[in-house]
Structure formats: C-alpha cells, structure tokens
4 protein chains.
Amino acid sequence: MKRNKPKYHQIINAAVVAIAENGYHQAQVSKIAKQAGVADGTIYLYFKNKEDILISLFREKMGSFVEEIQKALAGKSTAAEKLMLLVEHHFTMLAEDRHLAVVTQLELRQSNKELRLKINAVLKEYMQLIDEVLKEGVEKGEFRSSLNVLLARQMIFGTIDETVTTWVMNEQKYDLPALAPEVGNLLLNGFSIR
Amino acid sequence: MKRNKPKYHQIINAAVVAIAENGYHQAQVSKIAKQAGVADGTIYLYFKNKEDILISLFREKMGSFVEEIQKALAGKSTAAEKLMLLVEHHFTMLAEDRHLAVVTQLELRQSNKELRLKINAVLKEYMQLIDEVLKEGVEKGEFRSSLNVLLARQMIFGTIDETVTTWVMNEQKYDLPALAPEVGNLLLNGFSIR
Amino acid sequence: MKRNKPKYHQIINAAVVAIAENGYHQAQVSKIAKQAGVADGTIYLYFKNKEDILISLFREKMGSFVEEIQKALAGKSTAAEKLMLLVEHHFTMLAEDRHLAVVTQLELRQSNKELRLKINAVLKEYMQLIDEVLKEGVEKGEFRSSLNVLLARQMIFGTIDETVTTWVMNEQKYDLPALAPEVGNLLLNGFSIR
Amino acid sequence: MKRNKPKYHQIINAAVVAIAENGYHQAQVSKIAKQAGVADGTIYLYFKNKEDILISLFREKMGSFVEEIQKALAGKSTAAEKLMLLVEHHFTMLAEDRHLAVVTQLELRQSNKELRLKINAVLKEYMQLIDEVLKEGVEKGEFRSSLNVLLARQMIFGTIDETVTTWVMNEQKYDLPALAPEVGNLLLNGFSIR
DNA sequence: GATGAATGAGAGTTCATTCAT
DNA sequence: GATGAATGAACTCTCATTCAT
C-alpha cells in the first residue's frame, strides 16, 4: 500500500507547496520532486501520473477535512449549532494552512474539466455532510419544513467558498475565522422558523 | 477604435462558441479564427494576445449583463424587490445563452490566476451593484442595520454562482430561472428584520 | 496537397541523411529538422508525427523504385530478361544512393512492429511486380509449370535483400551492381526448364 | 562460470517468452525478471546489461541450432542431401519453438545496429556451415565449378530467412516444414550442373 | 487590412541500471 | 547471492505569435 509509505505524503505536501508558490501551471513534476527531495522518477513509483498527484492531494486533504468536521459536530445536539461549527471549522482549517487555501481556492480550479469532475466526486462527501445537517434541522423543527435542502446546501457551500476565495484573493490579510459567527448567522436566518 | 469594427465582436462571439464546444484548453487561437471566419493573424489586429480575447469577452458580456440588470432594477422601490429581480435576471440571462453559461461557469475558471484577477476586476462593477442594493436595504430599514454588507454580498454572489454552476454541471437539465424566487427568499430571510 | 510542396521532400531527404548518419534511434525530430533547415514545428505541418515521416520516406522512395523498374521491364519480351533487369536495377538504385541503402537495409528495420507492418504494405506492390514476372514466365513456358510462385518470389526477394544487406554491412566496399548477372542466373537456374 | 548456473538459462528463457509476448520494445528488464521469477537486480548478477541478455540469448539458441544441424548432416554423403536436410531442420526447429521464431525473425531485428552486428558475428558459424556444404558440392562435382560460394550462401540464407519471416508474419498458420523440399529444390537447381 | 506558413520553447514520463540492506 | 526502491537522462509534439506577401 503506497499510501502508508512516508514518501507518499512527502510528495503530496511538496505538491501543495510547489503549487502554492509557483502556481498550477508552473508546478512542473520536476519542481514537485525537487521540493519533496526525491528524483523525478520516484514520483511515478507512488502516483500514476501528474493528475493522480493532484487528485490524491485533494482526496487526502479533503478527507481529513470532512473527518475533522464530523468529529467536531459529533456531540452537538442542534442543527444550528452544527452549522455554526461547520462554518467555523471550515474557515479555521484553511486559515491554518495558507498554502492549502491558495491551492484549493485558486490553483486547483485551473485544472481541466476532467480533473475537476474527479475533484467534485471527492467533494460529494462534504456535500452529503451538509445535507444531513440540513435534514436534521428540518426534522427537528429547527428549520422551515418547506426548506429546499439542495438549494440550501448550495447557499451554504457557495457562501463559504466565496468568502474563503475572497479572503485568499485579498492575500489573507484579515482574520477569516473571526467572520464565522456572522456568516453562520446569515445562513441560519435564511433557514430558521421565525 | 477596434471595438466598433464588426470583426471585433465576430471574434469574441467565435471565442464563446469555440470555448463552449471545445473546452478552454482545446480552444486554440486557430480554432477561434476558423470559427470567426478570419485568418489566425487577423486576431492579432484586434487583440493584443489570447488573454486579451478572453478578458474582452468577459468584459463585453458582463458589461451588458450589469447594464440589463441595472435597467431592470430601475423603477423598483424596495431593496427586497431589487434583490429578487437581480437573482431572477442573473439566472434568466445565463439560461438564455447556454454557451455563455458553460464558458463563464466552467471553462473560464481554468484560466490562470493572473487572468482570473483581471476577470475579478471586471466583476467589481457587478459587486458594487449588489452592494448598493444592500446598502439601500439597510438605509431604508428593510435589512438589519447590523448587516455586514461585504459578507452579505459574498453570500449573494456565492449562492447565485454555486447554483448556476451546479445547474451547468448537471448539463442544464432543469429549469434554472424557476429556482430564482426560492433562492431570493433564502437570501432575504438572512438579511431581513424579523 | 502537402506532397507537392518543396518542404515535403526536403524533410524526407533530410530524414534519410539524418538516419543514415546517426542511426534510427539517434535521428531525433530536431536533428531531421536541422538537417532540413526548418524549425522542429515545421515538420508537423507536413507530417502527422515522426512515424509518418518514416512511412512517407519509404513510400516515396519505394514508389519511384517500383516505377523505375516497371519502366525498365516495359519493352522486354522474356520473363528471364525481366528478372535479370529487376535484379540489376534493384542493385543499381541502392548502390547509387548509399544513404538510402543504409536506411532501408539496416536502420528502418529497427522500427517497431507496427511501423514495419505499414512498410510491408508498401512493399506489397514490389512483391506483386515480382509475382507477375514469375507468372508470365510460367505461362510462356520459360519456367517450370510446377513452380510455386509464392516460394519463388520469397527466394528472389530474400536473395536480393540478403545480398544488399551483406554489401551494406561490409560498408559497401565492393561493386554491388557487378554481382547482378550472377545473382540473376542463380535464381533463373532454379526456375528454368532444363 | 555464470553460464552453468540454473538462473542463467532461466533468465534467457524468460527473455524469449517476454519478448515474444510483449514485443522487443515492451520487454523491459523488469518484465524479464518477473517472468524469470527473480528480482530486477539479480539479472545484473548474470548479465552485464540488457544487450548482453539478448546476445547471450541468440548465442545460446543459435549454438544449439548449429550443433543440431551439424549432427543431422554428419552421416550424409552428398552436398545436395545436406542442403536439403539443412533447410528442413532450419524450418522444423523454428516451427517447433514458435516463441523463438517470433523473437529471431521479428523482434530481435528491432535492436540497434550495434547489437545486430554482434548477432551477425554469432551467425557467422552458421554461415560457415553453409559455405562448407557448398564447397563440398563444388569439390565433389555436384555443383557448378563456377559457383560463387559467397553469393550462393547469401541466396540460401536469404531464401530460408525470407520464407520463415513470411511464415511468422502470416501468424504461422501454414505448415512451414512441408515447404522444405520445394525450397531445397529451388536452391539446388540454381547450383547444380545440368 | 488580411493572410497563413513558419517558428521554437517547453514538460510529462519511461526504464536500464545501481546499491544499501 | 539476492533484493527492489530509487535514480535521472532523454525526446516528441503543441500552439501562441510573427512577418513577408
């Protein structure tokens, strides 16, 4: 299992740095290898091709992303509380890894449609997590029973994503996690029973 | 002024079609030229380089986009009404030009960071339009006085954009404009005084 | 029609020289381009890919090869005479273009199976020419009526080819065309009625 | 002496299979090692480099080839009889080892000029064997005294080789050894006194 | 103004060989 | 002796841009 060997993660982390610092199209395999401290050919012992590095990168990072959020939501009893936490964690995790933030919000979006479709497949898990919180809120009577879960989820993800992207494009010069409560409230107001 | 000559728009429209049909990375200058019915070299009489075509494309299309919305909002008296109309028009205009929808939501995002920064500069006018509606709502007492206009705008744009992108990625197989009232309400609920 | 433009033949002839002088695997596209006095990219305006250069090379050269032999055989009345002339012309034409001889006898055989199959398709015409001479000889009673034309053709081609290859491998240091009468006679003796 | 250890032949036989099944350019060292059931590095304990495997392969196989034919010709009294047997054995031995036939007739010829020169050195012994039969025939008065032994040998080898190659290219779908008498006769007719 | 043939820089990937274990 | 993870050199082809006509 390649995934358990240290060089696998070494290369993925090198890719994050190389892409964040050089940009998607300027992060050649040779640059990633150099950053990882391995030979070019070594990359291909762990990844099928360059695209495979990028998908793996996204999968690994997004995987722990979803996991951490799930852990954080675990003990909470209301959907509202969960939603607030989700926004907060999303913001915090990206604010804590600025390289990753640049890569996910700006660089990886330059990939071709095919790669983006694969990335979207990875994102699906996150979308389902949001959907569950929304459904719970509706079932428990916290949110309007007429709420269109699909639209609401697009609102949540779209808002969070746009907020993070704007922050990255402004060179991360303000405190992103500090915005979480306000963003969370704006969203909640949209869903809640009055 | 190149912008007034017929070939200028001829090339821009050819670029929309070429990109929508072939994808961003497969829309070579020669393909755009062929689609426009001109020689490759002629492109460079009207545009500085390939990037210039894309920015001009975005500027031209987004310009009429903002103009039309401004016209639509002109006679309306409440911010809420304006917001509802804005969403509706945004959805309608993209639903009416499916090539343009693919190009703006999927293909043009594959461009490099530099180009995307320029595109964002073009988007600024649209952002300001949204900001004005929000400020008006606050001033008139329709929206909460504590509303963070910047965040609210990111919520509006993020939600609309995510909704359109999801629709495009689902191959535009449902009625996008029909979603406008619901999306508008979700947003309004977030801003309104209870 | 690319084939009529001067650069088409310029590149093919450059390929013959580049391959003869550097060997099949050392005749990179850039070397061929340099030899032809054009840019690397220009090659691809006239040929689909590197393999296409090699097949075209073989087709062009073998095409005129067969044509010239057909012309030479035209007025002759006996199959024996035709066979003698065929051997003589085959030897003479390769002796006159030593680069081409190296390329066809040694270098082009290093190509992969796929390319060799395409080359064989080109050779078919030559094989048919030989077959016709043999059939004529049988019909006219010059050759044994029991002659297996397929085997006889393999004998003719195998013998000629081996003779030329041996000559090339010996660095072309003896007079190949001078061997033609003797080779022709050896073959004829095999076919003739006693 | 590496040559006496079991793994030496194990690797050579693995190379024959690997090349026959995958083609010359797709028979990487790692594939040969896998087929032989040894590690990649082990190959280099028995062979200097990849080329060395191929030459050794050819030497080993051709060595027993010549040996067997010499044995078969041993008791025969006429050169004609020997020639007939030589053709028959050549055909039979390759027909009996179809992997080897593919390798010698098609795949090994894709090797570079250098390797082919070394292969030709190995073939020399076979050529000498043929030469001896021819000389014997001339001395005994079976063949024409004016026979050019060098040319005659090229005719024999060229004819046999072309016949086998054609058979391999036709996917070995007819009975090659059955052609031996006819091929032998065609050759003999060329040499014999009338 | 319009053409389109020509340019040439730039990068992902393979695989024979090595060497520490 | 045997292993197999690691190495890194090497090459085809694309395509934005130019410029002579």
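Here is the naming used below: chain letters follow the sequence lines, and residue numbers restart at 1 for every chain. Both backbone and side-chain heavy atoms feed into the values below; hydrogens, waters and symmetry mates do not.
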Query raised in the report: Is atom CD of Glu125(B) surrounded by more than 12 heavy atoms (other residues, nucleotides or ligands) closer than 6.0 Å?
Result: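 Result for CD/Glu125(B): open.
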
Output the distance between atom [atom1] ([X]) and atom [atom2] ([Y]), rounded to the nearest 0.5 Å.
{"X": "Leu54(B)", "Y": "Tyr24(B)", "atom1": "CG", "atom2": "OH", "answer": "5.0 Å"}
{"X": "Ile19(A)", "Y": "Glu107(A)", "atom1": "CD1", "atom2": "CD", "answer": "7.5 Å"}
{"X": "Gln35(B)", "Y": "Asn13(B)", "atom1": "CD", "atom2": "CG", "answer": "9.5 Å"}
{"X": "Ile53(C)", "Y": "Glu60(C)", "atom1": "CD1", "atom2": "CD", "answer": "13.0 Å"}
{"X": "Met62(D)", "Y": "Ile119(D)", "atom1": "CE", "atom2": "CD1", "answer": "9.5 Å"}

[X] [atom1] to [N] [atom2], straight-line distance once rounded to whole Å:
{"X": "Leu54(C)", "N": "dT12(F)", "atom1": "CG", "atom2": "C1'", "result": "13 Å"}
{"X": "Ile53(B)", "N": "dA16(F)", "atom1": "CD1", "atom2": "C1'", "result": "10 Å"}
{"X": "Ile11(A)", "N": "dA5(F)", "atom1": "CD1", "atom2": "C1'", "result": "12 Å"}
{"X": "Tyr8(C)", "N": "dA5(E)", "atom1": "OH", "atom2": "P", "result": "17 Å"}
{"X": "Tyr46(B)", "N": "dA16(F)", "atom1": "OH", "atom2": "P", "result": "20 Å"}
{"X": "Gln10(A)", "N": "dA5(F)", "atom1": "CD", "atom2": "P", "result": "16 Å"}

Requested in this report: If the plane angle is over 60° it's perpendicular, under 30° parallel, otherwise tilted; pick one for Phe47(D) and Tyr8(D).
Outcome: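 It falls in the parallel class, under 30°.
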
Query raised in the report: Which residues within residues 12-21 of chain C lie with some heavy atom under 4.0 Å of an atom in DNA chain F?
Result: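 Residues of residues 12-21 of chain C that come under 4.0 Å of DNA chain F do not exist, since none gets that close.
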
Report summary line: Readout for nucleotides 7-17 of chain E: B = base within 4.0 Å of protein heavy atom, S = sugar-phosphate only, - = neither; 5' to 3' it is BB--SSBBSSB

Query raised in the report: Taking C-beta and beyond as the side chain, do Asp40(C) and Lys34(C) meet within less than 4.5 Å on heavy atoms?
Result: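 They are not in contact (no side-chain heavy atoms under 4.5 Å apart), so the answer is no.
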
**Report entry** Student check: side-chain heavy atoms of Phe65(A) and Leu94(A) closer than 4.5 Å
**Finding:**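 A side-chain contact under 4.5 Å exists here.
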
**Report entry** Strand DNA chain F in bracket notation, Watson-Crick/G-U under 3.5 Å with | for pairs to another chain
**Finding:** .||||||||||||||||||||

Requested in this report: Test Val38(C) against Leu45(C) for side chain to side chain contact (heavy atoms under 4.5 Å, CB included), laying out the working first.
Outcome: CA-CA 11 Å; Val38(C) 300; Leu45(C) 297 176; over 6 Å; no

Query raised in the report: Are Lys31(B) and Glu21(B) within salt-bridge range, i.e. N to O under 4.0 Å?
Result: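 No, Lys31(B) and Glu21(B) are not salt-bridged.
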
